[in-house]
Amino acid sequence: SVTGVQTCALPISHNGFDVDQKIAATVSGIDLILTGHTHDAIPQAIKIKDTLLLSSGSHGKYLGRVDLKVGGGRVVDAASTACHREAQKD
């Protein structure tokens with residue numbers, strides 16, 4: 001067995017933000033949903049119950065980043081942002 005490995009549920013969705021909010025509100029055990037289809041970017045992840053939702057918008061305009069701290073098989077802390085792609089020229 002591998003030691004120090006944490007497992008989290010991190011689905012990538014193309015249902016749209018409204019549907020993913022409903023999923024987060026009703027399905028337990030999901031740590032983070034990377035949501036798509038809806039073209040609006042969410043500058044920082046929002047939390048619904050114990051699930052974070054993050055959307056980077058559409059057409060590659062934004063680069064989404066989320067840093068997760070995991071403990072006991074759950075996300076215990078998170079920081080996120082959506083950066084405009086032109087700002088990421090490094």
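- The shortest distance between side-chain heavy atoms of D67 and R65 falls below 4.5 Å.
- The salt bridge (charged side-chain N to carboxylate O under 4.0 Å, His left out) pairs that include a residue from residues 7-33 are D31-R74, where partners are two or more places apart or lie in different chains.
- The line from SG of C8 to CG of L68 is 7.0 Å long, rounded to the nearest 0.5 Å.
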Distance-only criterion, 3.5 Å: show the donor-acceptor pairs between side-chain atoms of residues 44-53 and protein atoms not counting sequence neighbours.
from	atom 1	to	atom 2	distance (Å)
K49	NZ	A25	O	3.0
T51	OG1	I30	O	2.7

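- Atom CD of residue Q21 and atom OG1 of residue T26 lie 11.5 Å apart, to the nearest 0.5 angstrom.
- Counting heavy atoms from C-beta on, the side chains of L32 and V66 come closer than 4.5 Å.
- Both L34 and V70 belong to a single network of hydrophobic side chains, linked directly or stepwise wherever heavy atoms of I, L, V, M, F, W or Y lie under 4.5 Å apart.
- In this structure, the side chain of S55 engages the main chain of D40 through a donor-acceptor pair within 3.5 Å.
- Under a 3.5 Å cut-off, the side chain of S13 and the backbone N or O of N15 do form a donor-acceptor pair.
- Applying the ring-ring contact (aromatic ring centres under 6.0 Å, His included) rule to pairs touching residues 42-81 yields H39-H59, Y62-H84, sequence neighbours excluded.
- Side-chain atoms of S56 come within 3.5 Å of backbone atoms of G64 as a donor-acceptor pair (strictly under, hydrogens ignored).
- The same ILVMFWY cluster, assembled from side-chain heavy atoms under 4.5 Å apart, contains both V75 and L54.
- A continuous path of ILVMFWY side-chain contacts below 4.5 Å connects F17 to V27, so both sit in one hydrophobic cluster.
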